[in-house]
K.L.:
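My structure is below; once you've seen it, I'll send some questions.
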Amino acid sequence: MQSRIVLLVDLDYFYAQCEEMRQPSLKDKPVVICVYSGRTEDSGAVSTANYVARKYGIHSGIPITLAKKKLKDAKIEGVFLPVDLPFYKKISDKIMEILRDYADHFEQVGIDEAYLDVTQRTKANYLQAEDLARKIKNNVLTKERLTCSVGVGPNKLVAKIAADVKKPDGLTLVRAHDVASFLSPLPVRRLVGVGKKTEKKLETLNIRTVGQLSRFDIQRLIEVFGRKLGTYFHNASNGIDDTSVQERSMPESLSRISTLKENTKNLSIILDKVFRLCDEVHAKLAQRGLVYRSVSIFIVAEDLSVHSRSKTLENPTSNIKTFKKTVSELFEKFFTESGLEARRIGVKVSNLTKKETEQKQLMNFF
DNA sequence: GAACAGAAAAC
DNA sequence: CCTCCTTTCTGTTC
């Protein structure tokens with residue numbers, strides 16, 4: 001197969017839109033969905049804001065206190081709500097089920113995005129793909145009362161950027177023939193993989209647009225960004241992306257991180273908190289029938305520097321005691337060696353495999 | 001080639 | 001003032 005059609009469906013300002021749906025009177029107000037850290041009354045960060053709130057410079061990642069200040073300065077009343085992940089997850093699951101039915105190949109990315117390869121069912125025809133995209137938007141709206149933005153392109157990269165340029169409630173088609181003219185004026189920041197740091201670095205090379213990036217010498221890109229990223233930038237800026245739309249069945253890792261009430265290096269305080277995180281990770285592990293072989297801990301220090309330590313075990317296991325014991329040892333070692341105070345702490349299991357039944361293990365043995 | 005630590009990004 | 005979760009890549013070390 002040489003020419004594909006890929007859709008990226010992005011649920012608009014998802015958490016905030018879920019809350020608007022549950023309580024339609026919110027729709028004309030700034031809605032700010034928050035992750036409260038529990039340090040002080042309003043400590044924490046903004047997870048998602050609706051477009052009314054965005055007009056006042058409120059977007060994901062900024063401190064809740066700053067978001068409140070912005071609305072106060074504008075003399076506007078806002079609605080601040082804590083994230084209700086189980087509620088959003090239920091809605092997401094229902095929508096993903098709808099989307100799946102429209103795809104030859106389906107790949108969910110996060111809670112609010114999915115790629116659909118629709119090459120076969122549209123016979124690689126963009127008019128049919130546009131028709132399909134409209135049906136999807138309609139279906140999601142009537143069944144779940146939520147809007148989404150859809151990008152249609154010859155690959156995942158272009159579909160993603162296409163969905164990005166018009167939202168909320170957008171539909172953008174970019175035919176293979178139009179890829180170069182579509183991409184070249186866009187700022188490099190639009191490319192997946194270009195964040196704040198990389199944008200800065202590219203700017204020192206006088207690269208601000210995707211077009212400028214596409215004309216830049218690939219060897220030099222590799223020197224500056226390394227083999228993978230350098231090659232990726234060259235291809236991406238030229239609209240080239242061969243990655244397939246593929247469901248990922250097993251997660252690579254499961255983790256939980258949490259903010260401490262106050263900074264500390266007191267091991268018993270930390271372990272008390274961290275063991276609860278272990279229990280939560282373990283519950284998820286058991287629920288998915290997975291075993292782990294590596295255990296990691298995370299420490300975000302007072303100065304927000306991030307540190308990690310990890311240990312790989314001899315054999316895969318699902319044992320919670322092994323998990324907690326390994327975590328304890330890693331934390332003890334970290335704090336005796338570093339002397340840092342922790343602001344946030346986390347745990348992670350990785351190197352995951354399916355827990356096999358004894359039946360299956362026997363079968364594999366023979 | 002595996003294990004480990006850190007950086008960066010996206011969500 | 002600064003959340004949470006996951007993936008991918010890089011350099012280093014053994």
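Side chains are part of it too, since the values below use all heavy atoms of this structure and drop only hydrogens, waters and symmetry mates. Chain letters run A, B, ... following the sequence lines, proteins first and then strands; every chain starts at 1.
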K.L.:
Do A:His307 and A:Phe334 pass the ring pair (Phe, Tyr, Trp, His ring centres under 6.0 Å) test, and can you show the C-alpha distance, the side-chain angles, and the key distance before you say yes or no?
P.N.:
CA-CA 9 Å; A:His307 305 264; A:Phe334 177 84; 5.7 Å; yes
K.L.:
Salt-bridged, A:Lys89 to A:Asp93, with N to O below 4.0 Å?
P.N.:
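Salt bridge between A:Lys89 and A:Asp93, a charged N being under 4.0 Å from a carboxylate O: yes.
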K.L.:
Using a heavy-atom cut-off of under 4.0 Å over every strand shown, decide if A:Arg39 touches base, sugar-phosphate, or nothing.
P.N.:
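Contact class for A:Arg39: none.
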K.L.:
Taking the cut-offs as 6.0 angstrom to the six-membered ring centre and 45 degrees off its axis, would you call A:Lys324 and A:Phe275 a cation-pi pair?
P.N.:
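Verdict for A:Phe275: a cation-pi partner in A:Lys324.
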K.L.:
A:Lys273 NZ to C:dT3 C1': how many Å, rounded?
P.N.:
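Computing the A:Lys273:NZ to C:dT3:C1' distance gives 13 Å.
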K.L.:
Which parts of nucleotides 6-11 of chain B does protein reach within less than 4.0 Å, heavy atoms only, written one letter per nucleotide 5' to 3' as B for base, S for sugar-phosphate only and - for none?
P.N.:
S-SSSS
K.L.:
Does the pair A:Glu130/A:Arg134 count as a salt bridge with the N-to-O cut at 4.0 Å?
P.N.:
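Salt bridge: yes.
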K.L.:
Kindly give the heavy-atom pair with the smallest separation between A:Val35 and A:Ser47, and that separation in Å.
P.N.:
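Between these two residues, the closest heavy atoms are CG2-CB, 4.0 Å.
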K.L.:
Across the strands shown, which category fits A:Ser47 at heavy-atom distances under 4.0 angstrom: base, sugar-phosphate, nothing?
P.N.:
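Nothing, no heavy atom under 4.0 Å.
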K.L.:
Does A:Arg22 pair with A:Glu19 as a salt bridge, N-O distance under 4.0 Å?
P.N.:
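Between A:Glu19 and A:Arg22 there is a salt bridge, with a charged N closer than 4.0 Å to a carboxylate O.
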K.L.:
Using a strict threshold of under 4.0 Å (side-chain N to carboxylate O), is an ion pair present between A:Glu329 and A:Arg309?
P.N.:
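Salt bridge flag = no for A:Glu329 with A:Arg309.
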K.L.:
At 4.0 Å (heavy atoms only), tell me whether A:Ser296 reaches a base, stays on the sugar-phosphate, or touches nothing.
P.N.:
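No contact at all - A:Ser296 keeps every heavy atom at 4.0 Å or more from the nucleic acid.
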K.L.:
Have a look at A:Ser43 and say if it touches a base, only the backbone sugar-phosphate, or nothing, with a 4.0 Å heavy-atom cut-off.
P.N.:
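Touches sugar-phosphate only.
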K.L.:
Salt-bridge test for A:Asp117 and A:Lys156: reply yes if a basic N is under 4.0 Å from a carboxylate O, no otherwise.
P.N.:
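Judged by the 4.0 Å cut-off on N to carboxylate O distance, A:Asp117 and A:Lys156 do not form a salt bridge.
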K.L.:
What does nucleotides 5-14 of chain C look like as a protein-contact string, B for base, S for sugar-phosphate only, - for none, at under 4.0 angstrom between heavy atoms?
P.N.:
SBSSSS----
K.L.:
Select base, sugar-phosphate, or nothing to describe what A:Gly61 touches, counting heavy atoms under 4.0 Å on all strands.
P.N.:
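Contact class for A:Gly61: base.
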